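In what follows, chains carry the letters A, B, and so on, assigned in the order in which the sequence lines appear, proteins first and then strands, with residues in each chain numbered from 1. Just so you know, these numbers come straight off a predicted model, no measurement behind them.
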Amino acid sequence: QKEVEQNSGPLSVPEGAIASLNCTYSDRVSQSFFWYRQYSGKSPELIMSIYSNGDKEDGRFTAQLNKASQYVSLLIRDSQPSDSATYLCAVGMYNFNKFYFGSGTKLNVKP
Amino acid sequence: DVKVTQSSRYLVKRTGEKVFLECVQDMDHENMFWYRQDPGLGLRLIYFSYDVKMKEKGDIPEGYSVSREKKERFSLILESASTNQTSMYLCASSVRRNTEAFFGQGTRLTVV
């Protein structure tokens, strides 16, 4: 079983809609959770980090964490074509200096 | 802003060559990482370092070594490059454990 799992997509949404990206993880003692955006041929860019259960909002992005269900999600409101990219979920394991990455969900926002 | 800089954006090397990939961060981060990214396989950790001269193997260390002589610099070494090491190599750093990692621009290495 992979430590971090994401649906590979592609997820297609129309411009202006809400895109919902999901991630599950296997290690119950995971403590830190991150979402990265990666455009084709580029390196991952940090969008958000979340450490506590609940929601965290930053502009059009909301991260949601549910540790009991071992689930973290990213909502993108008012999706734009420029949001079309692969979104990577990363999980930091307790007391370890490394992260596990999901394989990413490809998002297509259609004009 | 955090800046992680990788020495090359593109590299082409021959099989059997010794290859050095350099990474520098300017934010006094404790942790530095080397990943490779391949289609369908995602990001895989090769090595990481949590302090100067300290290193730990990641998930795929075979065929690689690393060096961290100074806090800001973390080098990945391919001892004898092989075609299956053709990949995108990504360096990252984080201020300390369990905090967000910031990535360099990546080095696309082709071994012929």
Inset, instruction - Hey, could you give me the CD/OG1 distance between B:Q37 and A:T86, rounded to the nearest 0.5 Å? - result: 8.5 Å

Legend entry - Pick from A:G41, A:A90, A:G102, A:G104 with the largest number of heavy-atom pairs that fall under 4.5 Å of chain B: A:G41

Inset, instruction - Return yes when atom CD1 of A:I18 has more than 12 non-hydrogen atoms of other residues, nucleotides or ligands closer than 6.0 Å, and no otherwise. - result: no

Inset, instruction - Could you tell me whether the side chain of A:P44 reaches within less than 4.5 Å of the side chain of B:L90, counting heavy atoms only? - result: yes

Legend entry - Nearest-0.5 Å distance that lies between atom CE in B:M88 and atom CD in A:Q38: 7.0 Å

Inset, instruction - Check step by step if side chain to side chain contact (heavy atoms under 4.5 Å, CB included) holds for B:D59 and A:Y100. - result: CA-CA 10 Å; B:D59 300 314; A:Y100 286 99; 3.9 Å; yes

Legend entry - Path from A:V72 to A:L75 over hydrophobic side-chain contacts below 4.5 Å: no

Inset, instruction - Treating Ile, Leu, Val, Met, Phe, Trp and Tyr as nodes and any side-chain heavy-atom pair under 4.5 angstrom as an edge, say whether B:F33 and B:V4 lie in one connected cluster. - result: yes

Inset, instruction - Check whether B:F102 and A:Y51 end up in the same hydrophobic cluster, where Ile, Leu, Val, Met, Phe, Trp and Tyr are linked by side-chain heavy atoms less than 4.5 Å apart. - result: yes

Legend entry - Closest non-hydrogen atom pair between A:S43 and B:G106, with its separation: CB-N, 4.5 Å

Inset, instruction - Could you look at A:Q6 and say if it's the side chain, the backbone, both or neither that has a heavy atom under 4.5 Å from chain B? - result: neither

Legend entry - Side chain / backbone / both / neither for A:Y36 at chain B, heavy atoms under 4.5 Å: side chain

Inset, instruction - Let me know if B:R9 has heavy atoms under 4.5 Å from chain A in its side chain, its backbone, both or neither. - result: side chain

Legend entry - Contact leader toward chain A among B:G42, B:A101, B:A92, B:G58, where contacts are heavy-atom pairs under 4.5 Å: B:A101

Legend entry - Cluster check A:Y87, A:V91: I/L/V/M/F/W/Y, side chain < 4.5 angstrom: yes

Legend entry - Cluster overlap B:L45 with B:V66, hydrophobic side-chain contacts below 4.5 Å: no

Inset, instruction - With the side chain counted from C-beta on, respond yes when A:F99 and B:Y35 share a heavy-atom pair under 4.5 Å apart, and no when they do not. - result: yes

Inset, instruction - Please name the pair of heavy atoms, one in B:T99 and one in A:F34, separated by the smallest distance, quoted to 0.1 Å. - result: C-CZ, 3.6 Å

